[in-house]
Structures are given as C-alpha cells and as structure tokens.
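Notes for the one structure printed next.
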Amino acid sequence: HNGLAIVRTAEALGVSHMHFIQAEMKKGQGRATTRGTLKWTHLHSHETFSDFLENRGGFHLAGASVEGTMMLEELPVDRPLCLLFGNEHRGLSEEAKKRCDFLFSIPLYGMVESYNLSVSAAITLYDYLKRKRLALKQDGDFSEEEYLAEKAHYYVRSLGGETAQALLSKAQSSFRSLI
C-alpha cells in the first residue's frame with residue numbers, strides 16, 4: 001500500500017519511471033491509492049535485486065538508510081540517480097546497501113527513529129527534484145521530443161488502446177481527405 005502511495009507522489013512530482021523489487025502486492029490493489037497515476041507512469045517489476053541491477057542503465061544508486069553517511073540535501077544533482085527505498089520494516093537489504101553509490105539519511109528532529117516508506121520517498125523526491133530543477137534551470141530534464149512522446153503515452157494509456165487506435169484511424173482518414 002505504501003509502495004503504491006509512492007507512485008502517486010512520484011508522478012505528481014514528475015517522475016515517470018519506478019521500479020519495484022520483490023514487490024508484495026495483492027491483485028487489484030492500488031486503484032484508489034494511485035488515483036489513476038498507474039496510467040501515466042512506467043512501472044518496472046523485478047523478481048530480485050540482481051534482476052534490477054541488470055536493467056538499471058547508467059544510473060548511480062542512492063539508498064535511503066538510517067546508516068547513511070550523507071544527508072539527503074547532499075545528494076548530487078549533476079548525475080542521473082536512482083533512489084532506493086527499502087521495505088518499511090526491514091529497510092534496504094545488505095546487498096542493496098553494498099551496491100549503492102551513496103547512502104543517505106533523511107533528517108529527523110523528533111524522537112521517532114524513522115519515517116514510514118511513503119513519507120520518506122515524498123520528502124526525498126521533493127527535496128532532490130527541487131534542487132535538480134534549480135540546477136537545470138528548467139522544470140524537467142526531458143527534451144522536447146521526449147516530452148511529446150511521454151505525453152502521447154499518457155493519452156494512449158488514459159484512453160485505452162482500442163479507443164486510442166479508433167481515434168487515430170479516424171484522424172488519419174480526416175487527414176487523407178484534406179490532401
């Protein structure tokens with residue numbers, strides 16, 4: 001449930017790709033929690049952490065951990081990062097911690113020892129993306145072409161494949177009659 005709450009928060013902040021490793025979800029879970037954002041995001045599921053590592057691309061890994069050697073606000077914004085959050089009860093696995101390029105902690109000022117999973121992700125994403133956008137001097141890091149491709153993806157997923165195909169066919173017919 002908290003993992004799916006992250007999907008909603010991440011999409012609201014402009015994140016389009018999320019990875020779940022060994023996700024423990026029940027069938028049909030999440031429609032109310034994600035509020036439609038499943039249509040607008042790319043979710044990737046991995047059976048194991050090793051599977052995830054094989055498909056991670058050129059991203060550096062930054063893991064949230066109470067044992068982090070740097071603070072959230074010290075995460076570098078000048079390189080592509082994949083932010084890792086562990087299970088709410090167990091945290092990041094030892095394997096994940098060892099593979100991270102950065103281990104960071106989120107500031108706590110009260111007596112509690114940690115935030116819950118979705119709050120940790122929300123605080124981290126907001127802070128990191130705000131600083132990254134300031135460094136880029138723009139609202140996002142998509143090129144115009146990537147932005148249009150994502151927008152098209154959103155429209156198709158929102159409408160559903162059959163409806164989108166029917167509309168596209170109708171539009172093509174209209175364009176042909178104009179030529």
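FYI, side chains are in, hydrogens and waters are out, and symmetry mates aren't considered; it's all heavy atoms of this structure. Residue indices begin at 1 and follow the sequence shown.
With rounding to the nearest 0.5 angstrom, the CD atom of E95 is 6.5 Å from the CG atom of L53. In this structure, the separation between CD on E11 and CE on M18 is 7.0 Å, given to the nearest 0.5 Å. Atoms OG and CG, on S50 and N55 in that order, are 11.0 Å from each other to the nearest 0.5 Å. Residue D78 holds its CG atom at 8.5 Å from NZ of K132, rounded to the nearest 0.5 Å.
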(message) As a quick check of understanding, evaluate side-chain contact (heavy atoms from CB on, under 4.5 Å) for L134 and V77, giving each step before the final call.
(response) CA-CA 10 Å; L134 283 171; V77 294; over 6 Å; no
(request) Apply side-chain contact (heavy atoms from CB on, under 4.5 Å) to the pair S105 and M71, showing each step before the final yes or no. (result) CA-CA 5 Å; S105 60; M71 296 303 291; 3.4 Å; yes
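Of all heavy-atom pairs spanning L84 and F49, the tightest one is CD1-CE1, 4.1 Å. L72 approaches P107 most closely through the heavy-atom pair CB-CD, 4.4 Å. The heavy-atom pair separating P76 from L81 by the smallest distance is O-CD1, 3.5 Å. Contact detail for Y128 and R79: the closest heavy-atom pair is OH-O, 3.6 Å. Between C82 and F52, the shortest heavy-atom distance links the atoms SG-CZ, 3.8 Å. Nearest heavy atom pair, residue R133 against residue G14, reads NH2-CA, 3.9 Å.
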Would you list the atom pairs, donor with acceptor, under 3.5 Å between side chains in residues 97-104 and any protein atom, with sequence neighbours excluded?
| residue | atom | partner | partner atom | Å |
| --- | --- | --- | --- | --- |
| K97 | NZ | E67 | OE1 | 2.8 |
| K97 | NZ | E67 | OE2 | 3.3 |
| K97 | NZ | E94 | OE2 | 3.3 |
| D101 | OD2 | L61 | N | 2.7 |

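Under the rule for a side chain to side chain donor-acceptor pair (under 3.5 Å), the partners of R131 that lie at least two apart in sequence or sit in another chain are D127. Under the side chain to side chain donor-acceptor pair (under 3.5 Å) criterion, D51 pairs with T48, sequence neighbours left out. Legend: residues meeting ring pair (Phe, Tyr, Trp, His ring centres under 6.0 Å) with H44, ordered by chain and number and at least two apart, are H17, H19. Evaluation of the side-chain contact (heavy atoms from CB on, under 4.5 Å) rule for A122 yields T9 as partners, not counting sequence neighbours. Not a single ring pair (Phe, Tyr, Trp, His ring centres under 6.0 Å) links F59 to another residue, sequence neighbours left out.
In the hydrophobic cluster analysis, where Ile, Leu, Val, Met, Phe, Trp and Tyr join through side-chain heavy atoms closer than 4.5 angstrom, V66 is grouped apart from I123.
Results of the side chain to side chain contact (heavy atoms under 4.5 Å, CB included) test with I6 over V119, L117, T124 single out L117 as the only residue that passes.
Residues M70 and L75 have side chains in contact (heavy-atom distance under 4.5 Å, counting atoms from C-beta outward). Side-chain atoms of V7 and F20, non-hydrogen and from C-beta on, do get closer than 4.5 Å to each other.
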